[in-house]
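Structure, as structure tokens:
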Amino acid sequence: MKVLVTGGAGFIGSNLIRLLLREAPELEITNLDKLTYAGNLENLADVAGLPRYRFIRADVADPRAVERVFKKGFDAVLHLAAETHVDRSLEDAAPFLRTNVLGTHVLLEAARRHGVGRFVHISTDEVYGSPSAGEFFDESAPLKPSSPYAASKAAADLLVLSYVHTFHLPALILRCTNNFGPYQFPEKLLPLAIANAMENRPLPVYGDGMQERDWIFVEDYCRAIHRALERGRTGEIYNVSAGTPRANLDVLRALLALLGKPESLIKFVEDRPGHDRRYALDSGKFRKELGWTPQNDFEQALAATVEWNRANAEWLERCRSGAYRNYYRRHYTQRRKTLERWQKS
Ligand code: NAD
Ligand code: DAU
């Protein structure tokens, strides 16, 4: 089965590709990624030479480039490529609209024209906005996005549903909560806090730090995506979550304890504008229909994530300094000609 993964050089995408190559020998994987600041091919260095894996640098919002790639013929698309950082969307929403909305449209069109048999669209819990204390949103909750990022993802979801309804595209949507784990770019709360704490630098906490997020270990989510590829039903929306929301402050305190660092590193800073107080999903439908449950306990997975960042301090440092951007030039210029021949053939 030939699978196109978009955004495979990012955090979830690289974990997903590694898991699929390891656990699904029947899959042949092409990774289409633009390599924005969030795309890092170092994340996949250990699998780059495998015959069942191929990387292609392209922009999902470029119809001609996408068309060239789709001509190779794919049985399924796992669409993860996106601009993903809420704070960046508050600075400049334009790249979010281009990639998350237009890019999704370009892919849907290509998938429709080329008769792709399955399109799994990776969305987010942020499309629902913030539930009140104790409340868990299921898939029937109305869309109420707060940030330009969340609004762009909600727009993409509606486009996907319109392609199912009007063109019978065999697509489905996954809405997941906050992921954490190896290879997460250190702009997001957990890897940023780990990196800062390791250097005894302050951990910025927005507002009062009592916002809740429903953390899930990335490996559990990647297994959920694999399950959706195999068994998800066309036209359905599935929430995916661990179902155990925690306050940011509690998570940071646990992290500092794991690192043996003092809580005095916590530094309260100005709140994020429009900050959603809480994310919490009811993922009962996905669990029941697709027989999935998260395998990893939060505390153990957090400890493993801290350990991974400790053991990969050089990776973290290259992310922070920007040196990771040289990786593509150093390792892919020779392969580029082969890839261009493959694209044209
Ligand atoms: P990420 O920011 O780590 O990676 C995004 C990847 O997309 C990068 O490799 C980047 O180069 C690529 N990309 C960006 N614009 C592109 C374009 N125009 N064309 C091709 N590639 C492009 O993101 P992530 O955290 O791995 O998230 C992956 C997906 O999961 C996103 O769709 C995101 O909305 C969704 N999601 C993430 C989380 C989370 O907690 N990380 C939770 C729920 C949903
Ligand atoms: O909920 C799923 C979403 O999770 C994904 O769709 C997004 O792509 C992903 O970025 C993430 O969004 P969040 O805004 O929840 O993640 P972030 O790591 O930026 O922030 C987590 C919480 O921590 C949030 O309440 C804001 C807070 N925070 C974040 C940063 C970066 C801080 O208090 N300080 C910080 O420095």
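Just so it is clear, the values below take in all heavy atoms, side chains as well, and ignore hydrogens, waters and symmetry mates. Order of listing sets the numbers, starting from 1, for every ligand and every atom in it.
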Which residue pairs satisfy the salt bridge (Lys or Arg N to Asp or Glu O under 4.0 Å) criterion with at least one member in residues 231-248, sequence neighbours excluded? R233-E236, R233-E289, E236-K285, R246-E299
If a pair satisfies salt bridge (Lys or Arg N to Asp or Glu O under 4.0 Å) and one of its residues is in residues 142-164, list it, with sequence neighbours excluded. D157-R175
What's the separation between atom NE2 in H121 and atom CG in L159, rounded to the nearest 0.5 Å?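 Going from NE2 on H121 over to CG on L159, the span is 8.5 Å.
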Can you tell me if [X] uses its side chain to pair, donor with acceptor, with the backbone of [Y] under 3.5 Å?
X    : Y    : result
N196 : P202 : yes
D33  : A9   : yes
D62  : A65  : yes
E187 : A38  : no

Taking the six-membered ring for Trp, are F11 and F180 ring centroids under 6.0 Å apart?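 Ring-ring flag for F11/F180: false, centres at least 6.0 Å apart.
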Would you say the rings of W308 and Y183 are close, in the sense that their centroids are separated by under 6.0 Å? yes
List the protein residues in contact with ligand 2, where contact means a heavy-atom separation under 4.0 angstrom. T84, H85, V86, T124, D125, E126, Y149, T177, N178, E187, K188, L189, L192, P204, V205, Y206, Q211, R213, N248, R272, H275, Y279
When you look for protein heavy atoms under 4.0 Å from ligand 1, which residues do they belong to? G7, A9, G10, F11, I12, D33, K34, L35, T36, A38, G39, A58, D59, V60, L80, A81, A82, T84, T99, I122, S123, T124, Y149, K153, C176, T177, N178, N179
